[in-house]
There are 4 protein chains.
Amino acid sequence: MPRIAAADREDLVETRKSQIVDATLRLLASQSFDRTSVDAIAKEAGVSKGSVYLYFESKDAIIDELVRRYSLIRDVEKMVDSVNDISPEDALGTVVPVLWQQLVARRELIKLLLREGPARPDVSKVLFEKIVIPGNTMVADWLARHIGPERAKEIDTFVAGRLIFGMLMAFIITQELLGGKDARPIEDEKITSTITEVFLYGIMGRNGKKKKKAC
Amino acid sequence: MPRIAAADREDLVETRKSQIVDATLRLLASQSFDRTSVDAIAKEAGVSKGSVYLYFESKDAIIDELVRRYSLIRDVEKMVDSVNDISPEDALGTVVPVLWQQLVARRELIKLLLREGPARPDVSKVLFEKIVIPGNTMVADWLARHIGPERAKEIDTFVAGRLIFGMLMAFIITQELLGGKDARPIEDEKITSTITEVFLYGIMGRNGKKKKKAC
Amino acid sequence: MPRIAAADREDLVETRKSQIVDATLRLLASQSFDRTSVDAIAKEAGVSKGSVYLYFESKDAIIDELVRRYSLIRDVEKMVDSVNDISPEDALGTVVPVLWQQLVARRELIKLLLREGPARPDVSKVLFEKIVIPGNTMVADWLARHIGPERAKEIDTFVAGRLIFGMLMAFIITQELLGGKDARPIEDEKITSTITEVFLYGIMGRNGKKKKKAC
Amino acid sequence: MPRIAAADREDLVETRKSQIVDATLRLLASQSFDRTSVDAIAKEAGVSKGSVYLYFESKDAIIDELVRRYSLIRDVEKMVDSVNDISPEDALGTVVPVLWQQLVARRELIKLLLREGPARPDVSKVLFEKIVIPGNTMVADWLARHIGPERAKEIDTFVAGRLIFGMLMAFIITQELLGGKDARPIEDEKITSTITEVFLYGIMGRNGKKKKKAC
DNA sequence: GATGAATGAGCGTTCATTCAT
DNA sequence: CATGAATGAACGCTCATTCAT
């Protein structure tokens with residue numbers, strides 16, 4: 001006979017898990033997971049070390065949960081949905097800056113994923129299958145619907161779809177994670193407009209923006 | 001009165017440091033630096049554990065030296081030199097595949113830099129100032145010389161220069177480091193040709209490949 | 001004014017204590033007491049962990065109670081009573097096999113007593129004074145009544161009485177507790193008949209089984 | 001190039017292992033192995049906790065080594081050798097008291113083996129195969145050579161051989177390990193002479209000592 | 001009376017670092 | 001210069017015990 005109703009119990013579990021995962025994310029901003037002790041996580045979360053093991057099977061389970069919780073996939077999905085019927089010419093101008101802002105806001109998570117992902121097969125798998133592939137596929141489908149059959153013969157939309165993220169990541173890594181923002185700042189507008197320009201002409205090929213300009 | 005001539009002494013120090021740094025790099029292919037013990041490094045390097053501390057102040061000093069030694073900068077420099085006077089249209093077809101091959105070959109070093117870099121201010125600084133900036137600048141200068149004044153008004157060549165690496169990195173990270181190569185393989189040729197196409201049209205804008213096509 | 005009648009209350013305490021002690025004994029069949037957690041005991045007993053501490057001061061108090069409750073003494077008493085007036089020649093043939101079966105059935109308790117007893121002065125005391133001495137005395141008295149004055153001068157019946165248990169224990173320990181049953185099996189019948197034979201001739205001396213053989 | 005000669009190295013390993021094993025044996029006199037911490041062992045041995053792991057793979061490896069080192073088997077072997085051609089009538093009078101003394105001297109080891117053995121399959125196996133079986137077999141062979149064909153049909157010498165140890169163990173356990181020595185002392189001489197008498201008549205059957213007495 | 005979430009001391013184990021040789 | 005035995009702090013994890021509900 002549990003003293004606490006099932007719903008309250010679930011709430012408690014959820015609260016505690018969040019406390020611990022969030023504390024971990026905070027600590028991971030300044031040091032690797034390996035160098036972050038369970039003691040430190042517990043202290044940061046405001047619970048005892050023993051409690052951490054009440055809610056997670058092991059230290060590693062914390063990072064698994066963390067990755068599960070903080071993925072960009074839902075944002076990407078929403079964004080692609082919202083521009084579904086809008087051509088890249090019209091959509092990229094808003095999509096790229098928004099995407100940039102979201103990636104910047106999650107820079108710490110990205111730092112974490114870049115650090116921990118490649119070294120952990122389980123994390124890698126989740127990252128690749130649950131984030132990269134679905135996100136990439138959505139963008140590829142959208143591109144395929146808009147670039148026209150001629151251009152579609154020349155470029156692979158699945159590959160092209162991944163490029164937009166690569167371009168954005170290049171600046172997240174160099175400006176936000178490697179300290180470029182301080183050492184050699186670049187205005188956000190310049191980053192996003194250049195990416196928009198390059199990607200737009202890049203995917204449209206020789207027909208790029210032709211509609212808007214008679215040749 | 002030193003028993004050994006200064007030059008010889010320096011040679012020894014250099015030899016030992018290289019032994020240790022190279023051994024470390026080899027071991028980092030399969031596990032994170034944190035999980036690589038000094039014991040293992042010493043064994044792999046063929047020296048005693050004590051000797052490691054004769055040539056490095058601490059375990060961390062090894063990774064600092066490693067990052068200092070291994071950069072892509074010299075390769076980028078050579079490559080830019082070799083295509084200095086060749087237009088992007090003619091150069092990218094060879095440059096992109098070569099760059100791709102070199103990045104793939106160094107995937108372990110990239111994994112290491114992504115893991116250790118963002119968490120270490122000193123490493124970040126070196127990476128950014130000695131690799132990102134010089135490489136980016138060389139490519140930007142080259143681009144500036146070829147895209148023409150009209151296009152130059154529309155895109156920032158410094159930003160555009162970094163994009164080519166971002167595009168390549170997107171696939172190094174997803175295909176090589178996150179296991180995409182096994183889960184969802186893509187032919188190297190498809191990756192490099194798509195990047196070439198997108199980047200070329202992207203930077204050239206509406207004049208892309210105009211020489212080849214009368215308008 | 002107690003809400004529950006004193007008798008009922010005692011019943012409850014007794015029931016709960018039994019639940020917990022019995023559960024512990026069951027668990028001790030497969031692992032040492034040290035490696036049996038209070039969690040596991042509570043679960044096996046069907047009560048909460050907190051309840052264990054309602055009825056026992058500490059984990060160790062459970063084992064003390066267990067040892068106090070389970071002894072062979074009542075069985076030995078009954079057995080000696082039943083053969084009180086029967087001579088060893090006639091009695092041993094049935095007593096030894098029955099005793100053997102009872103010891104085999106309690107092998108786990110014996111394992112427990114051997115493990116926990118010698119290291120705990122309180123348990124030792126209980127074991128020795130409440131089990132060894134009374135059981136030994138009963139057997140010694142029975143022997144004294146039957147071996148005749150001549151033989152009584154040669155052997156100490158108190159010592160001899162303890163030997164029958166030693167003989168049986170030798171096989172409980174080696175065959176049942178050390179895995180000899182699997183590695184080098186011996187039929188139960190061979191064990192009990194040999195013990196009967198040796199002990200019988202042993203205690204009777206040169207007059208052993210004289211009834212059956214005119215001299 | 002090791003600084004220490006191989007022989008010296010071996011000596012050191014042997015010394016350290018002995019230090020640790022002996023310290024462990026000392027501590028096991030008063031508490032179970034589970035409750036004996038590596039910290040305590042290291043302290044008792046006069047080495048650091050880290051050093052324990054320099055010489056033993058794990059805590060469990062210490063007890064394995066301990067059991068390997070302290071077995072009675074060599075003593076039993078020697079004893080059986082020395083009485084090889086002597087009949088039980090003449091031999092038991094000296095063998096039993098000597099065996100008793102040796103078992104008493106090793107009471108702490110026996111306590112340890114009774115406690116740790118049954119709970120550890122690996123220890124059990126070693127105990128049974130390396131101590132019980134060889135010792136038992138030697139004694140059985142010796143008995144078989146002396147009891148004559150007639151008696152050999154009635155008792156199993158392998159079973160009988162184990163009985164002599166059972167009889168001795170009964171008193172080791174009750175007098176030495178359970179505190180009977182203090183609560184209800186019995187003279188050593190009484191123990192050994194009774195065992196000798198009972199075992200001798202027991203194994204010889206109706207022909208026991210007949211040589212000495214015409215019937 | 002009954003519960004089980006919470007605690008934190010203590011465990012076995014690892015390993016960066018030191019230093020006598 | 002080179003070694004590796006020795007160290008002990010720190011780790012991830014367990015679990016006996018407490019106590020608010």
Side-chain angles (χ1 to χ4, degrees), chain A residues 1-4 8-9 12-13 15-16 34-43 46-62, chain B residues 2-4 9 12-13 16 34-43 47-62, chain C residues 2-4 9 12-13 16 34-43 47-62, chain D residues 1-4 8-9 12-13 15-16 34-43 46-62:
Chain A
M1 254 179 293
R3 299 276 118 178
I4 300 174
D8 288 355
R9 178 77 238 280
L12 177 63
V13 169
T15 304
R16 289 278 180 275
D34 268 345
R35 295 192 184 195
T36 304
S37 72
V38 176
D39 250 323
I41 291 172
K43 198 169 227 174
V47 301
S48 73
K49 189 159 48 157
S51 283
V52 171
Y53 287 89
L54 229 43
Y55 297 98
F56 291 95
E57 250 196 2
S58 68
K59 189 190 167 190
D60 273 18
I62 302 173
Chain B
R3 299 194 163 236
I4 299 170
R9 178 132 213 303
L12 177 62
V13 168
R16 288 278 182 272
D34 274 341
R35 296 187 184 193
T36 304
S37 70
V38 175
D39 249 324
I41 292 172
K43 198 170 214 174
V47 301
S48 74
K49 197 164 28 160
S51 282
V52 171
Y53 285 86
L54 230 43
Y55 296 100
F56 291 94
E57 237 192 15
S58 71
K59 190 190 165 189
D60 274 17
I62 302 173
Chain C
R3 299 193 164 237
I4 300 169
R9 176 137 213 304
L12 177 61
V13 169
R16 289 278 183 273
D34 273 343
R35 295 186 186 195
T36 304
S37 68
V38 175
D39 248 324
I41 291 172
K43 197 170 215 173
V47 301
S48 75
K49 198 163 27 157
S51 283
V52 172
Y53 285 87
L54 229 43
Y55 297 99
F56 292 95
E57 236 190 18
S58 69
K59 188 188 165 190
D60 275 17
I62 302 173
Chain D
M1 253 178 294
R3 301 272 117 179
I4 300 172
D8 288 355
R9 178 77 236 280
L12 177 63
V13 168
T15 305
R16 288 280 179 274
D34 267 347
R35 294 190 185 197
T36 305
S37 71
V38 176
D39 249 322
I41 292 172
K43 198 169 225 174
V47 300
S48 74
K49 187 156 51 152
S51 282
V52 171
Y53 287 88
L54 230 43
Y55 297 99
F56 291 94
E57 250 196 2
S58 68
K59 190 189 166 189
D60 273 16
I62 301 174

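Residue numbering restarts at 1 for every chain, and letters A, B, ... go by the order of the sequence lines. Remember, predicted model here, so these are calculated numbers, not experimental data.
With sequence neighbours left out, the side chain to side chain donor-acceptor pair (under 3.5 Å) criterion links D:Lys49 to D:Asp39. Applying the side chain to side chain contact (heavy atoms under 4.5 Å, CB included) test to C:Ser58 and every residue at least two apart in sequence or in another chain returns C:Asp60, C:Ala61. Taking the side chain to side chain donor-acceptor pair (under 3.5 Å) definition, one finds that D:Thr36 meets it with nothing, sequence neighbours left out. Remark: D:Ser48 pairs with D:Ser51 by the side chain to side chain donor-acceptor pair (under 3.5 Å) rule, at least two apart or across chains. Evaluation of the side chain to side chain contact (heavy atoms under 4.5 Å, CB included) rule for B:Asp34 yields A:Ser32, A:Asp34, A:Arg35, B:Ser32 as partners, not counting sequence neighbours. Every side chain to side chain contact (heavy atoms under 4.5 Å, CB included) that D:Thr15 has, sequence neighbours left out, goes to D:Gln19.
Proximity of B:Arg16 to the phosphate of F:dA2: a side-chain N or O atom is located under 4.0 Å from OP1 or OP2. Under 4.0 angstrom from either OP1 or OP2 of F:dC1 there lies no side-chain N or O belonging to B:Tyr55.
The separation between B:Leu54 atom CG and E:dA16 atom C1' is 16 Å, rounded to whole Å. For the pair D:Leu12 CG and E:dA20 P, the computed distance is 17 Å after rounding to whole Å. One can place CD1 of A:Ile41 at 17 Å from P of F:dA10, the figure rounded to the nearest angstrom.
Between atom OH of residue A:Tyr53 and atom CD of residue A:Glu57 there is a gap of 11.0 Å, rounded to the nearest 0.5 Å.
Between B:Leu54 and B:Arg16, the closest side-chain pair of non-hydrogen atoms is not below 4.5 Å.
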query: For DNA chain E, what dot-bracket results from Watson-Crick or G-U pairs at under 3.5 Å, with [ ] for crossers and | for inter-strand partners?
result: .||||||||||||||||||||
- prompt: Could you run down nucleotides 12-19 of chain F 5' to 3' and tag each one B, S or - for protein heavy-atom contact under 4.0 Å?
  reply: SBB-SBB-
